[in-house]
Every structure is written in structure tokens, then in C-alpha cells.
Amino acid sequence: MDFFEKLNKAFAGWYESWFGDEVSDIRPKDVLRKIIGAMEDSRKEGLDNRAYVPNNYILEIAFDSEEEKEYLLAFLDKDELESALRKYMSQNKYYVRGPLDFTIEEVTPVEGEAGPEKLKVRCKWDIQKEAPVPAPQEAVPGRPYEPYEEEEYTIAATDMYDAATVAPPLLRIKQPDGSTQQFLLTKPVTIIGRSQRLNNDLVIERDGMVSKRHARMSLGPEGFTVVDLNSTNGVWVNDARVTSPQGRPLRSGDVIRLGATELVFEEAGARPAPVPSRADASHPRLVIGAEDFPLASEVTIGRSLSADLRLDHSSVSRRHARISSPDGSEFYIEDLGSRAGTRLNGVDVPESSPVRLHHGDRIQVGEVELRFEVD
């Protein structure tokens, strides 16, 4: 059961369909995503090198009718919002200073002026609180931080795709020096920039024209959008500059330009399955959704930028697993001491103990599922 399915049951059925119902065009799930987007935009690095997020969130909502107001207020329970946010913070190892607080403010239109934005979230840092507290459990000196243990959740698993079973959208990145990289969009909000110290999800270090915090990609009801975070050189999609505060909706094949770096947005369903040539038809590969990754003699899998196969999912460790072929014919997989573990056909793979792979084997790296194939 994915995160939103679980949350839907807690809220007794938020919505009738992906596009809302007759009562309102905003659903509690949209509000949650908006809060997460504001949280991601406002996260900062503390003196202890931890990522901190605000603890005070003001939800400004322009209700269209009393019926819509009653509907939303009935489901926007503060305790349930806090529970959802704390699970997300735990998953991403975000810290807060003090308890989370939510305030809902009704916004009314002013006569003679354009109507207010339907939903807006503002963040505040409450500095009159106690020492930093990780969500949802305290960090204990001498013991590594561990995420929330009640149940595994993932905000990335949405109605649009489930990162554990279906390949999420990806960015094909072309650096100014000609090098290429692939980045899987497994989070609902991805921050892109040049700095490694500002907790960017996708770091583009080799391009001096990219700002320290340059752009944000967010998942909404109609798909992903990209927003310029007041960068120096702007965000361009298909050679048109992104100027709207709401961002620019993305479609498969769109070319995003940040500085001198190009990122091609591709949805899994729009990517044709590669057709191997006769020369490489027998080459072993990993399959994730519709995407093939040919295997070299040694491939490191993880969340780190230095990984050969990068899986940007919170359940994946920086150096999670390794697939190797000592003799060039048989392939083996081993776990590299990952937090969530590696499983082969449902069985745990021992740490630093290679296990042989066979055609059709199912590999689970954290919550991301791959398949080993060889023709």
C-alpha cells in the first residue's frame, strides 16, 4: 500500500477522481503537495550540516463557496497534516526546531482587483522553540539517525506512478563538457542547483552559469512543472523562458536549459523500449520499467552522484549494491552495507557476499525494483 493510498484511508476518501469532484477543484492531497513544495523551497543548512525546514505553515485559501470551505476544513486536520509531514521529513532526514504548526487563513477577493491565488503556503521559522528535533524521533548521540520505523512510506509513490514497480520520469542531462547523466524523478519535489551545501537534490557543479539554487521541479495533479528560483540566468524550456510563479508544465521530450546545461524530460510511458542490435543482443542488462541499463564488468548502484546507476529514492543508500562479473560471463550482486538492504527474488542478499544472477531475476534495491535480463 503506497503512502497516498494509506493517507486516503486515514482521511476517509479524499477525492472521487484525479481531477477532483463537484465540490472543489482542490483536494487535501493537493494541499499536502503544496506544503511539501514550500518546505523544500525553504530548507536551509544549519551549522551542524543538517538540513532544516520551517516549523510554521500558513495556508492561505480562497474558497469559492461555503460548501467548498466546509469540505476542505473537514479533511484538513492539523494532526493528520503533521503526521504526513513528519513521515516525509523522516524519509528525507529533515530537521525542525520545535513542533510543527499549521494555520488556515481564508483569503477574500478585493473589489476591483484580480482574484487571489487559489492556494498559497507561507512558511515561518519559530525561533522561540527548543533545540533541533528530527522528525519524528530524537537523534541519539553516538547512534546513527534512523528514519521512522512504524511503516515504510514514500511520498514519491503517487497515483501517477509507483517508484517500486513503474519507472518514474527521468531527466537526461547533458553537461557543458559533453558528459551525460540520467536522473530519476522519484520525489514529488526536486531542487536543482550548483551548490552541494544547500541540500539540492540534483547538483550541477560543472556549469558556472547555474545558480546555487536554480530551479524546482514539482509533481502536481497534471504532472511535473518547473519553476525558476530567482536564478541569475533563468530557466528555459524549449527556448522559452519560464517566468510564471506557478512554473511551466512539462511534457515528455521537453528540453530544459539551466545555464549551459540541458536536461531532457522523459516520462516512462513515452520512452520506447530500446531495440538491441545484433552486436549487443546478448549483453546483460538491468531493466527498470521501460528503461534498459547495459551492464559493464562492474556497476555500482546507489543514490550518490558517483554511482554508475543512480537511483534517487530515499530508500536507496548512497552506495547500496554492486553488480560485477569477474570472468566476463557470469554476473553477481552484493549488498554494500545499505540501510534498507538488497533482495534477490524476495530473499535478502548478504552484505559483501556476491550472489549469482540469472535471467529474469528480480532485484529490489530499497523500494526500487529492477530486473536482470540477458538474451
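Taking each heavy atom of His320 and Thr342 in turn, the nearest pair found is CD2-OG1, 3.2 Å. The shortest non-hydrogen separation linking Asn200 to Ile192 is OD1-C, 3.9 Å. Closest heavy-atom contact between Gly247 and Val227: CA-CG2, 3.5 Å. Smallest separation of non-hydrogen atoms from Phe331 and Pro284: CE1-CG, 3.3 Å.
Atom CG in Asp361 sits 4.5 Å away from atom CG in Leu344 (nearest 0.5 Å). Atom NZ of residue Lys120 and atom CG of residue Leu59 lie 12.5 Å apart, to the nearest 0.5 angstrom. The OG1 atom of Thr300 sits 10.0 Å away from the CD1 atom of Ile323 when rounded to the nearest 0.5 Å. Atoms CG and CG, from Leu219 and Leu185 in turn, are 9.5 Å apart once rounded to the nearest 0.5 Å. Annotation: the span from Phe183 atom CZ to Leu171 atom CG amounts to 7.0 Å, rounded to 0.5 Å. Atoms NE2 and CG, on His214 and Asn230 in that order, are 10.5 Å from each other to the nearest 0.5 Å.
Leu100 places a side-chain heavy atom less than 4.5 Å from the side chain of Leu85. The shortest distance between side-chain heavy atoms of Leu258 and Ile204 falls below 4.5 Å. Considering only heavy atoms from C-beta on, Glu60 comes within 4.5 Å of Ile58 through its side chain.
In the model, Asp207 has a side-chain atom that pairs as donor or acceptor with a side-chain atom of Thr261 under 3.5 Å. Counting only N and O atoms by type, the side chains of Ser179 and Arg206 include a donor and acceptor under 3.5 Å apart. In this structure, a donor-acceptor pair under 3.5 Å is present between the side chains of Lys87 and Ser83.
Under a 4.0 Å N-O distance rule, the pair Lys78/Glu82 does not qualify as a salt bridge. Using a 4.0 Å cut-off between charged side-chain N and carboxylate O, Arg216 and Glu40 make no salt bridge. Ion pairing of Lys174 with Glu262 is absent here, as no side-chain N (NZ or NE/NH1/NH2) approaches a carboxylate O to less than 4.0 Å.
Phe102 and Val31 fall within the same hydrophobic cluster, where Ile, Leu, Val, Met, Phe, Trp and Tyr residues are linked whenever their side-chain heavy atoms come under 4.5 Å apart, directly or through other members. Grouping the Ile, Leu, Val, Met, Phe, Trp and Tyr side chains by contacts below 4.5 angstrom, directly or via other members, places Phe293 apart from Tyr332.
Using a distance-only test at 3.5 Å, with no hydrogens or angles considered, a donor-acceptor pair links the side chain of Lys118 to the main chain of Ala62. A donor-acceptor pair under 3.5 Å is absent between the side-chain atoms of Ser325 and the main chain of Ser297, judged by distance alone. Judged by distance alone, the side chain of His359 and the main-chain N or O of Glu373 form no donor-acceptor pair under 3.5 Å. In terms of modelled atom types and a separation under 3.5 Å, the side chain of Arg371 and the main chain of Val287 share no donor-acceptor contact. Arg303 places a side-chain N or O within 3.5 Å of a backbone atom of Val316 that can act as its donor or acceptor partner. A donor-acceptor pair is defined here as one N or O able to donate and one able to accept, closer than 3.5 Å; such a pair exists between the side chain of Asp201 and the backbone of Ile191. No side-chain donor-acceptor contact under 3.5 Å links Asp101 to the backbone of Asn56.
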Inset, instruction - I would like to know whether Ile173 and Leu202 meet side chain to side chain contact (heavy atoms under 4.5 Å, CB included); could you show each step before the answer? - result: CA-CA 10 Å; Ile173 306 167; Leu202 172 55; 3.8 Å; yes
Inset, instruction - Check step by step if side-chain hydrogen bond (donor to acceptor under 3.5 Å, both in side chains) holds for Arg172 and Gln182. - result: CA-CA 5 Å; Arg172 295 189 184 276; Gln182 291 186 155; 2.4 Å; yes
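Every pair passing salt bridge (Lys or Arg N to Asp or Glu O under 4.0 Å) that includes a residue from residues 328-338 is listed here, sequence neighbours excluded: Arg322-Glu334, Glu330-Arg356.
Relative ring orientation between Tyr94 and Tyr88 is described as perpendicular, the plane-to-plane angle rising above 60° on a 0-90° scale split at 30° and 60°.
Every side chain to side chain contact (heavy atoms under 4.5 Å, CB included) that Asp228 has, sequence neighbours left out, goes to Ser231, Val235, Arg241. Residues forming a side chain to side chain contact (heavy atoms under 4.5 Å, CB included) with Thr225 (at least two apart in sequence, or on another chain): Ser218, Pro249.
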